[in-house]
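Let me begin by presenting the structure, written as structure tokens, before commenting on it.
Every number for a ligand or one of its atoms is a count from 1 in the order of the listing. Bear in mind that the values here come from a model prediction, so they are computed numbers and not experimental data. Keep in mind that the numbers below use all heavy atoms, side chains included, and drop hydrogens, waters and symmetry copies.
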Amino acid sequence: MKYTNRRQSLGSQFSRTLFVIPSGELRMRSHSVAYRFKVASDFLYLCGVEVAEAYLVVAGEKSYFLSDHIGAASALWEDVNSLMSEDLEKLFNIEFAAVSKLQDILQDHLRDFDRLAFPVGRSEWLDRTLLEQVSFQNRRRSRFTSIPLALCDSRTLVGRLRHKKEADEIDLMRMAAQKSSAVYQELFQKNLLGASERDVANFLESEFMKQGMHWTAYETIVGSGERGTTLHARATERILRSGETVLIDAAGEWQGYCADITRVLPVGKSFSKEQKTIYEIVLKAQKEVLKKIRPGETLASLHETAQQFLLQGLKEAGITGEISELMPHSTSHWIGMDVHDPSAYVDESGNAVKLSEGMSFTVEPGLYFRDKSSAYYGIGVRIEDDVVVTDQGCEILSSASKEVEEIENLRSKLELN
Ligand code: GLY
Ligand code: MN
Ligand code: MN
């Protein structure tokens, strides 16, 4: 019923908007082999199945599932398009049709709608088909209404439903965060001397898979030494050196839901004095933001809190610099089925969305010293956790160690040469 309810909510919240949501197409990776297929999250949210080249139409109370592989016998070569029997169990209160029926379905329904919403740019074929359909509809539409049929992007509209997570979604997010956190605990106890950034990424990714996760939530980020000041450093062959820190931003996806966690740890057993100073400033700012989260706050006000405590910490340590340069990113983003969930950050009046129970987002202040003249040059620290808003505050979903003492204790057990 979950998916039927979501489609019905979408249809009733936007009763004048007809939605067409493609599951996504296979993209070629090399001459004759495609990339691994990742279903579009809005499609998965609304019908629960992971097949390529299918289209969902939500027209008020009526929904259609369009695919050319419905009830296909077991496929000989590829089955990424084919519905499995467990998929069919999820698809009820929905009418099945071939993809070629899309134009007919639209023509049957569009008279009753003012807008046609779809994720613009996901499928060239769909972009073209819907544009043709709007052009066709508007040529004859003036006979029965003065309102032209409009095309719009569906992402933030579906995003409005996805803003507040349902209880079972929170369970899945908690699992994604806990499984990912467990992998960090393993990492803290690993000897990293002589390892490359790629070795670290390989370790994390294989552990995520051993935890039963099928995907990483995003490309694993590993920045060692001064590469920790690149916000999204790709793991390279660079060897981790004693005395450096390594910034790791990595997490897995559990049953369609993402975690997003960043930790910084010493390559050896302990942080240097300068590394520790910066780390403690960021940690304090992160904890102050976490304390402030409750319904009614906004992500903008949390960002101000982060900046305020970072500035205070820098001042106390006698460190100067522009906060917009030292922390050039936001403190938070929505998270859910996408690591950057597509819900809007402002409401229809342009005001920042007020937090309410069930909304989930990251808290990830950071400081990055990229100025070569600074005594702190090359230090990059970001500490990132995932939270869900509760009635009085928040639940922190991720639990990887972040206190200096805890991390140093874990690392002190290493047998280093
Ligand atoms: N891992 C990407 C981000 O923190 O937004
Ligand atoms: Mn993030
Ligand atoms: Mn991250």
Side-chain angles (χ1 to χ4, degrees), residues 38 41 155 159 162-163 165 173-174 176-185 187-188 197 200-201 203-205 207-208 213 215-224 227-236 245-254 256-265 279 282-283 285-287 289-290 293 298-300 302-303 305-307 310 324 326-345 353 355 359-368 380-389 394-402:
K38 180 83 172 82
S41 59
R155 291 172 174 91
R162 289 170 58 179
H163 231 152
K165 272 60 183 177
M173 294 200 62
R174 194 181 290 115
Q178 287 182 358
K179 284 171 175 283
S180 303
S181 299
V183 173
Y184 269 96
Q185 293 311 110
L187 181 77
F188 287 140
E197 293 175 346
V200 175
F203 169 77
L204 292 164
E205 291 175 7
E207 290 299 312
F208 293 148
M213 300 197 272
W215 296 88
T216 59
Y218 49 92
E219 187 171 353
T220 300
I221 293 164
V222 182
S224 59
R227 281 177 34 78
T229 67
T230 293
L231 303 183
H232 290 172
R234 275 173 292 171
T236 66
T245 53
V246 57
L247 182 150
I248 291 155
D249 185 344
E253 183 185 300
W254 176 251
Y257 286 80
C258 295
D260 185 3
I261 302 175
T262 307
R263 291 292 185 266
V264 172
L265 62 146
Y279 189 97
V282 176
L283 183 60
Q286 204 233 16
K287 286 184 185 168
V289 173
L290 292 170
I293 298 168
T298 65
L299 295 188
L302 298 180
H303 182 58
T305 302
Q307 286 188 323
L310 291 173
S324 58
L326 292 174
M327 181 181 162
H329 59 76
S330 308
T331 301
S332 301
H333 56 78
W334 307 123
I335 185 169
M337 295 181 98
D338 288 276
V339 67
H340 296 168
D341 235 21
S343 300
Y345 289 82
V353 167
L355 297 181
M359 289 182 176
S360 58
F361 57 93
T362 62
V363 178
E364 49 178 306
L367 287 173
Y368 312 88
V381 174
R382 176 166 69 250
I383 303 175
E384 177 173 33
D385 283 305
D386 309 328
V387 305
V388 59
V389 181
C394 74
E395 176 185 342
I396 306 173
L397 302 171
S398 39
S399 59
S401 296
K402 60 184 175 185

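- Using a 4.0 Å cut-off between charged nitrogen and carboxylate oxygen, Arg155 and Asp338 do not count as a salt-bridge pair.
- By the 4.0 Å heavy-atom criterion, His232 is counted among the residues contacting ligand 1.
- Ligand 1 has His340 within reach: a non-hydrogen atom of the residue lies less than 4.0 Å from it.
- Seen from the Mn ion (ligand 3), atom OE1 of Glu384 and atom OD1 of Asp260 lie 90° apart in angle, a value rounded to 10°.
- Proximity to Glu384 (heavy-atom distance under 4.0 Å) selects the following atoms of ligand 1: 4 (O).
- Panel note: side chain Arg382, backbone Leu231; a donor-acceptor pair is recorded below 3.5 Å.
- Between the OE2 atom of Glu364 and the NE2 atom of His333, the angle taken at the Mn ion (ligand 2) works out to 90° after rounding to 10°.
- Near Glu364, the atoms of ligand 1 lying under 4.0 angstrom from a non-hydrogen atom of the residue are 4 (O), 5 (O).
- The number of heavy-atom neighbours closer than 6.0 Å to CD of Gln185, taken from other residues, nucleotides and ligands shown, is above 12.
- Considering OG of Ser224 and CD1 of Ile248, their distance stands at 9.5 Å, rounded to 0.5 Å.
- By the 30° and 60° cut-offs, the orientation of the rings of Tyr345 relative to Trp334 is parallel.
- Between the side chain of Tyr257 and the main chain of Ala177, no donor-acceptor pair closer than 3.5 Å is present.
- Judged by the shortest distance from any of its heavy atoms, Asp260 lies inside the 4.0 Å radius around the atoms of ligand 1.
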